[in-house]
Amino acid sequence: MSKKTKTLRPKARRPKGFEDRFGALASAENALIAAAAGVYHSHGFDPLSTSALEYADCLGKFLPDDDRPNEGVFAFTDDDDQWMALRYDLTAPLARFVAENFDPLPKPLRRFAVGPVWRNEKPGPGRFREFIQIDADTVGAPGAAADAEMIMLAADVMDAAGLARGEYVIRINNRKLLDAILGGIGVPQTNEGAIQRMRVLRAIDKLDRLGPEAVARLLGEGRKDDSGDYTKGAGLDAKGIEAVLAFTQAGAGDLNGTLRTLEPLMGRSEIGAQGLGELRAIADLLQAAGYEDGRTVIDPSIVRGLGYYTGPVFEADLRLETLNEKGEPVRFGSAGGGGRYDDLIARFRGQPVPATGFSFGVSRFAAALHALGRLGNAERGPVVILALEGDQMAQYFAMATELRNAGIRAEVYMGGSGMKAQMKYADKRGAPAVVIVGEDERTQGQVTVKNLILGQQMSGQIKDNKEWREGRPAQVTGARSTLTAMVADTLN
RNA sequence: GCCGCCUUAGCUCAGUUGGUUAGAGCGCCGGUUUGUGGAACCGGAGGUCCUUGGUUCGAGACCAAGAGGCGGUACCA
């Protein structure tokens with residue numbers, strides 16, 4: 001044996017895009033989930049929990065000919081060689097659930113769901129490989145009223161999440177309008193046309209980030225970005241590019257104004273008229289319900305990335321500019337979105353089942369709040385009961401129980417360190433107060449309660465070390481029987 | 001995936017044209033204070049200078065490759 005044997009230890013590290021959340025961020029996520037769930041539940045949606053894993057084909061991907069179903073999902077083969085995949089959203093599992101249990105379910109089915117979803121993509125600010133979504137969906141409701149409700153729900157969730165008016169906007173569009181435009185400029189209803197249509201959607205999706213000039217190139221031949229990377233375009237001709245861009249820029253302040261601007265662009269297209277009619281119906285309902293106060297706009301440049309949408313789509317955007325540590329603006333993407341997906345369940349059943357929903361991106365929203373400096377301080381810590389005498393633990397536990405029964409968050413110090421370390425611990429935990437019962441107090445039937453917040457304020461004024469040490473500021477001693485009252489008093 | 005920038009203590013960063021013992025601030029730990037956190041003073045611990053290879057008498061510094069991070073771009077059903 002050599003003098004020094006090197007111990008091989010695993011390096012503690014975290015996979016990229018899988019975030020630990022602790023303290024204020026974790027509390028914020030929990031609060032957002034509770035707020036959104038409250039909104040959904042109050043609207044009559046019932047909770048549904050489904051598993052993290054699904055069969056890959058049920059999630060809507062075709063099996064691969066080689067080793068993985070798709071780059072975008074985490075997948076592996078089960079013992080029986082079936083492809084399993086972690087869910088990448090909550091909508092596909094809903095479709096599977098509905099198709100599997102169709103007959104006994106009430107229709108329309110109104111359910112909400114919350115949980116982590118996983119996507120194997122490159123992480124970035126507000127983009128994770130594991131993140132929490134909370135969705136509400138109505139299945140079996142064909143009318144525009146169901147879409148309008150989803151949009152109002154989205155606004156309600158933004159309100160419940162603590163945003164003020166003007167800090168967010170719900171942008172609404174309809175996939176059918178774009179279909180009409182594309183039909184008008186000769187994009188065929190073939191496989192090739194579908195690819196072209198997808199490219200157009202992706203190009204439009206980049207409008208806010210790259211601007212109309214770059215998007216025009218993406219709609220046409222293609223674009224070379226600053227890094228020299230080339231992106232193949234959708235191959236539209238000049239007229240087509242102009243038509244698409246004109247469409248995306250047709251947004252005008254209010255709902256009615258935008259609809260009037262859009263009308264002539266649709267020409268005689270039947271699908272266009274249908275899309276306009278749906279938007280009109282949604283707009284009327286939003287106006288009647290008072291949601292047209294800047295919270296909702298029709299914005300033809302909103303397309304949403306997902307391919308399964310068939311009609312109205314919408315997106316909840318933060319209007320606050322977020323900056324990173326260097327003061328540079330950061331794009332977080334939308335805080336939530338949704339739309340109508342009438343064909344998703346038909347995939348399983350063969351007959352159309354109309355559905356519409358909204359998904360709130362909890363993790364991204366919390367990350368944005370964090371970047372905005374809106375999370376505030378971590379939750380205030382518990383009252384800490386110092387464990388000064390090892391044989392008195394039962395008494396300390398009894399005190400903690402008394403405090404809890406009075407609705408006060410409290411804990412007994414569980415470490416093995418001395419009084420000074422216990423005080424430091426309480427400080428680091430953000431404890432508002434500590435309860436001190438040592439031999440002195442115990443033998444006299446008393447307790448000491450120290451107000452850590454007041455003590456901290458007072459420490460700023462005291463210059464002399466001895467003075468603040470011996471002065472024992474911000475603490476009171478009283479009879480053991482008055483513990484709860486003393487602590488409650490300190491907390492006020 | 002492609003392009004660019006970056007990598008020195010727990011964190012933020014210094015580190016002269018390559019020169020011998022690698023620094024600061026903050027944080028952490030301890031002491032002043034063996035029953036008192038937070039101010040102050042004093043002290044201490046903590047480094048594979050990302051890794052490997054090369055150039056050199058000599059590399060934290062120069063070169064190459066790799067890894068990781070950040071940003072952009074693509075993908076995002």
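Since this is a predicted model, take the numbers as computed values, not measurements. Note on naming: letters A, B, ... go to the chains in the order of the sequence lines (proteins, then strands), and numbering restarts at 1 for each one.
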Within 6.0 angstrom of Q82(A) CD, more than 12 heavy atoms from elsewhere: yes

Flag if over 12 foreign heavy atoms under 6.0 Å of CD, E192(A): no

State whether [X] and [Y] are salt-bridged, where the test is any N-O pair (Lys NZ or Arg NE/NH1/NH2 against Asp/Glu carboxylate O) under 4.0 Å.
X: R480(A); Y: E402(A); answer: yes
X: R197(A); Y: D179(A); answer: yes
X: R429(A); Y: E411(A); answer: yes

Is the phosphate of [N] approached by [X] (side-chain N or O, under 4.0 Å from OP1 or OP2)?
X: K206(A); N: U73(B); value: no
X: R202(A); N: C76(B); value: yes
X: K16(A); N: C70(B); value: yes
X: K420(A); N: U36(B); value: no
X: R127(A); N: C75(B); value: no
X: R119(A); N: C75(B); value: no
X: K232(A); N: C75(B); value: no

Set of side chain to side chain contact (heavy atoms under 4.5 Å, CB included) partners for P432(A), sequence neighbours left out: R380(A), V383(A), I453(A), L491(A)

Quiz item: Q475(A) side-chain donor-acceptor pair to G37(B) base, under 3.5 Å: no

Under 4.0 Å, counting only non-hydrogen atoms across every strand here, what does [X] touch: a base, just sugar-phosphate, or nothing?
X: I436(A); result: base
X: Q422(A); result: nothing
X: Y308(A); result: sugar-phosphate
X: I453(A); result: nothing

Proximity to the side chain of E121(A) - top-ranked nucleotide from C70(B), A74(B), C76(B): C76(B)

Canonical and wobble pairing (Watson-Crick, G-U, under 3.5 Å) of RNA chain B, dot-bracket with |: (((((((..((((.....[...)))).(((((.......))))).....(((((..]....))))))))))))....

Plane angle bin for F314(A) and F358(A) - parallel if under 30°, tilted between 30 and 60°, otherwise perpendicular: parallel

